[in-house]
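Because the structure is a prediction, the values reported are computed rather than measured. Reminder, nothing fancy here: chain letters follow the sequence lines and each chain counts from 1.
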Protein chains: 2
Amino acid sequence: MATLSDVARRAGVSPATASRVINGSSKPVTEDLRERVLRAVADLQYVPNAHAQLLARSHRTAVGVIVHDVSDPYFAEITRGLQRVATDQGRLLMICNSYRDPDRELEYVELLRGHQVAAIIMAGSGYHDATFTKRLNEKLTAYEETGGRVAVIGRHEHSGDAVMPDNRTGGWLIGTELCALGHAEIGVVAGPEVLTTTTDRLAGLRAALTEHGRSLPEHRIRYAEFDRDGGAAATAALLDAEPALTAVVALNDSMAIGALALLRSRSVPVPQQVSVTGFDDMPIARDVTPALTTVRLPLVEMGARAMALALDPGAGGPRVEVLAAEVVRRDSTGPAPDAGTARVRPTNQAGSGRRVRRAAAGRTPS
Amino acid sequence: MATLSDVARRAGVSPATASRVINGSSKPVTEDLRERVLRAVADLQYVPNAHAQLLARSHRTAVGVIVHDVSDPYFAEITRGLQRVATDQGRLLMICNSYRDPDRELEYVELLRGHQVAAIIMAGSGYHDATFTKRLNEKLTAYEETGGRVAVIGRHEHSGDAVMPDNRTGGWLIGTELCALGHAEIGVVAGPEVLTTTTDRLAGLRAALTEHGRSLPEHRIRYAEFDRDGGAAATAALLDAEPALTAVVALNDSMAIGALALLRSRSVPVPQQVSVTGFDDMPIARDVTPALTTVRLPLVEMGARAMALALDPGAGGPRVEVLAAEVVRRDSTGPAPDAGTARVRPTNQAGSGRRVRRAAAGRTPS
DNA sequence: TACCGCAAAGAAAGCCCTTTCCCGCAGGGA
DNA sequence: TCCCTGCGGGAAAGGGCTTTCTTTGCGGTA
């Protein structure tokens with residue numbers, strides 16, 4: 001590997017001058033020398049050693065992000081928002097997949113700290129696990145004490161800057177929607193119980209049902225992995241145990257897609273016999289059949305906001321931004337079969353989906 | 001930030017000893033000192049500066065990957081394979097999204113070189129662009145000359161180690177499949193013409209049609225972005241110009257999903273009036289309706305093989321591994337409406353899909 | 001002619017680690 | 001008793017770059 005001194009030697013200048021030319025220092029360099037340096041760079045195919053640069057420069061410029069899995073559409077969208085703002089500000093993004101392993105999250109915090117990132121963003125659900133939460137907070141606090149910035153997305157447990165999707169209201173909205181359609185026998189296909197995302201969404205849903213005089217007993221909830229196969233398995237278990245269900249609420253879109261697949265394999269018509277709802281409004285939600293009624297979260301916006309918080313030290317105390325959820329009605333929901341309402345209901349233009357925008361504030365369930 | 005000397009001072013030892021304790025050097029250290037160092041590390045929440053470590057250590061351990069977009073399922077699967085092998089060998093992966101921008105690809109090669117990666121893997125289609133290809137090869141060669149390893153996935157243009165999905169045979173298989181179903185009026189929804197992936201798949205398809213006495217004129221091909229919206233737009237244009245089509249071949253699954261959406265919006269029954277095929281067999285292909293008939297590529301395997309090539313210097317010349325494509329028959333294809341064959345054909349169990357495995361070797365189109 | 005000031009280039013001091021080399025010491029063999 | 005060996009620990013030399021500080025050389029003024 002050619003080094004800076006190689007370049008300097010070949011150009012007949014000092015390393016200092018070569019450095020100044022190469023990274024456009026404010027110090028002026030004669031046109032003659034500048035040219036010689038640039039020619040040497042080209043001749044030697046010189047690329048600066050990033051580690052040496054990062055070591056020599058004092059200011060930290062990269063930003064670290066810990067997500068569950070970038071290839072999961074939920075996090076892919078968030079990452080898109082993060083990336084946009086980071087790129088605008090000339091920051092490099094280091095993305096780490098934790099695959100929802102708490103230990104790996106802790107390791108990645110250390111790794112990012114070791115890489116001298118300017119900020120760490122933790123995206124994705126928190127855990128109901130006091131021990132882990134404590135350890136994580138210790139690490140993050142230690143990082144903040146050395147000047148690092150931290151922002152979280154959708155996590156209650158850290159006390160700093162945060163962007164929170166309104167999961168609870170989202171659950172409430174979808175519950176209200178189903179009650180309005182006359183559903184009383186509602187089952188839930190939930191993600192891991194240990195995730196706060198699961199419990200938040202569930203709490204909102206339960207609040208809505210309670211408001212409408214329905215209940216949500218534990219045996220109508222099945223917990224599984226937050227993915228397609230988890231959704232299919234949970235739906236199968238649920239239907240076997242509760243054949244009278246008229247609606248299945250999946251707590252994210254992947255699980256809902258699994259639910260749809262399972263129902264199709266059992267030839268259960270959706271939404272005529274069973275309605276299905278998702279959560280998140282992943283892009284694919286409009287392309288499955290029937291197109292998925294779901295709760296939309298402004299994922300890209302969430303990422304963008306979080307990065308903005310992370311990069312702006314801010315003045316006062318911790319800032320928390322709650323972003324509203326909204327229902328997107330598509331074709332996977334219909335009136336409850338027993339409700340006596342008309343069987344046929346107008347269907348949307350394929351894939352478009354009318355959005356029902358609602359302010360989160362003022363409609364939050366009690 | 002606490003440094004190694006801080007730790008050493010607090011433990012009352014030299015930095016050398018502290019270093020040896022912290023990264024488990026082969027040199028033995030007394031239990032007493034070891035404990036003191038570890039306690040100092042814990043007290044100070046010390047994390048080694050990764051850049052300093054990387055600079056001081058000579059051996060390069062990270063591996064760089066350049067993909068179009070990790071959140072695109074095609075690349076997500078490949079990345080999974082890459083990651084698996086990398087993790088097994090204790091390598092860190094640096095993933096760069098080029099978003100199919102050639103200039104960005106070049107920049108990322110430099111970036112990765114600057115980060116002293118042990119190998120660079122370029123995943124994804126090459127370009128029909130001699131100037132770019134030349135510049136890329138120059139950069140890669142310069143990198144290889146300094147001891148770096150290079151492997152490519154699905155690119156003809158670089159002469160080193162390569163993993164090649166058999167796109168041409170895949171196109172041929174899907175063409176043969178449609179001909180067997182009696183389709184004669186076949187349109188193609190293609191990705192960008194500048195990508196070798198597009199032209200390879202197209203070439204195989206064309207070969208199959210020619211073998212069956214059909215032709216594929218240019219006006220039955222529409223080029224667009226390799227995504228859902230590109231697929232929808234291209235399908236719309238194609239149908240407007242060629243209303244008699246009985247089959248739409250999309251050159252990847254995302255485009256096929258766009259095609260399905262467009263056909264649904266026009267109330268064209270699939271496959272009764274028009275058959276649709278995809279390419280890649282992304283996970284979602286089985287969950288759209290009708291489930292997508294497509295060409296399966298062993299994406300995870302491709303990633304794993306590429307990483308293996310990249311990490312193993314190998315003995316002789318460049319190694320090229322061609323991985324076979326296979327047709328996955330699902331519900332989006334059926335007999336051509338005019339072909340006089342039975343309208344009803346057996347349907348697969350939802351989502352499963354019978355796979356037709358074929359060896360690539362020996363069946364390659366002329 | 002002597003001096004001053006300024007601009008441009010170079011010297012050198014880090015940045016934080018790893019690792020080689022060297023030293024001191026204790027134990028064992030001659 | 002002396003020397004050699006082996007082991008644990010420290011000193012110090014990088015690794016490649018940035019940046020401050022210093023030097024050099026020039027034009028301009030007194």
Side-chain angles (χ1 to χ4, degrees), chain A residues 1-38 40-41 44-62 110-111 113-118 146-147, chain B residues 1-38 40-41 44-62 110-118 146-148:
Chain A
M1 270 309 261
T3 71
L4 185 66
S5 350
D6 296 336
V7 172
R9 202 171 314 120
R10 181 175 245 264
V13 302
S14 73
T17 304
S19 169
R20 293 198 259 261
V21 170
I22 288 169
N23 35 43
S25 148
S26 58
K27 273 223 160 167
V29 176
T30 334
E31 194 51 36
D32 170 39
L33 293 193
R34 151 168 279 105
E35 261 175 36
R36 269 154 56 197
V37 169
L38 291 179
V41 166
L44 296 174
Q45 291 259 29
Y46 169 73
V47 178
N49 182 319
H51 302 303
Q53 280 188 316
L54 260 4
L55 185 59
R57 284 204 250 266
S58 48
H59 54 268
R60 331 240 151 273
T61 169
E110 303 252 294
L111 182 94
R113 206 144 90 80
H115 277 265
Q116 316 297 115
V117 295
T146 63
Chain B
M1 273 305 264
T3 72
L4 185 65
S5 351
D6 295 337
V7 172
R9 201 172 314 121
R10 182 175 243 264
V13 300
S14 73
T17 304
S19 169
R20 292 199 259 262
V21 170
I22 287 169
N23 35 42
S25 148
S26 57
K27 265 224 164 172
V29 175
T30 337
E31 194 52 35
D32 171 39
L33 293 192
R34 152 168 281 106
E35 261 176 34
R36 271 158 50 199
V37 169
L38 292 179
V41 166
L44 298 174
Q45 290 259 32
Y46 170 72
V47 179
N49 182 318
H51 302 303
Q53 281 188 317
L54 261 3
L55 184 59
R57 284 203 250 267
S58 47
H59 54 267
R60 331 239 155 274
T61 170
E110 302 253 294
L111 183 94
L112 291 172
R113 205 144 90 80
H115 277 265
Q116 315 298 112
V117 294
T146 62

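Between the CG atom of B:Leu55 and the P atom of C:dC16 there is a distance of 12 Å, rounded to whole Å. Look at CG on A:Asn49: it is 18 Å from P on C:dC15, rounded to the nearest Å. Atom CG in A:Leu33 sits roughly 17 Å away from atom P in C:dA7 (whole-Å rounding). Spacing between atom CD of B:Gln53 and atom P of C:dC15 amounts to 18 Å, rounded to whole angstrom units. Distance B:His51 NE2 to C:dC16 P: 12 Å, rounded to the nearest Å.
Side-chain atoms of A:His51 come within 3.5 Å of backbone atoms of B:His115 as a donor-acceptor pair (strictly under, hydrogens ignored). Distance alone, capped at 3.5 Å, places no donor-acceptor pair between the A:Asn23 side chain and the A:Ser25 backbone.
Counting all heavy atoms, side chain and backbone alike, B:Pro15 lies closest to B:Leu4 at O-CD2, 3.7 Å. Of all non-hydrogen atoms in A:Arg113 and B:Val47, the two that sit nearest each other are NH2-CG2, 3.2 Å.
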Donor-acceptor contacts, no H, no angles, side chain residues 30-38 of chain B, under 3.5 Å, sequence neighbours left out:
{"from": "B:Asp32", "atom 1": "OD2", "to": "B:Arg36", "atom 2": "NH1", "distance (Å)": "3.2"}
{"from": "B:Arg34", "atom 1": "NH1", "to": "B:Val29", "atom 2": "O", "distance (Å)": "3.2"}
{"from": "B:Arg36", "atom 1": "NE", "to": "B:Ala11", "atom 2": "O", "distance (Å)": "3.1"}
{"from": "B:Arg36", "atom 1": "NH2", "to": "B:Ala11", "atom 2": "O", "distance (Å)": "3.1"}
{"from": "B:Arg36", "atom 1": "NH2", "to": "B:Gly12", "atom 2": "O", "distance (Å)": "3.4"}

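If you check C:dT18, C:dC17, C:dA11 against the side chain of B:Arg57, the one that comes closest is C:dT18.
For the segment residues 20-28 of chain B, residues with any heavy atom less than 4.0 angstrom from an atom of DNA chain C are, sorted by number, B:Arg20, B:Asn23, B:Lys27.
Contact between the side-chain N/O atoms of B:Ser19 and the OP1/OP2 oxygens of C:dT18 is found at a separation under 4.0 Å.
Between chain A and DNA chain D, the heavy-atom contact criterion of under 4.0 Å yields a 5' to 3' nucleotide range of D:dG16 to D:dC21.
Residue contacts for A:Leu54: at a heavy-atom cut-off of 4.0 Å it reaches no nucleic acid atom on any strand shown.
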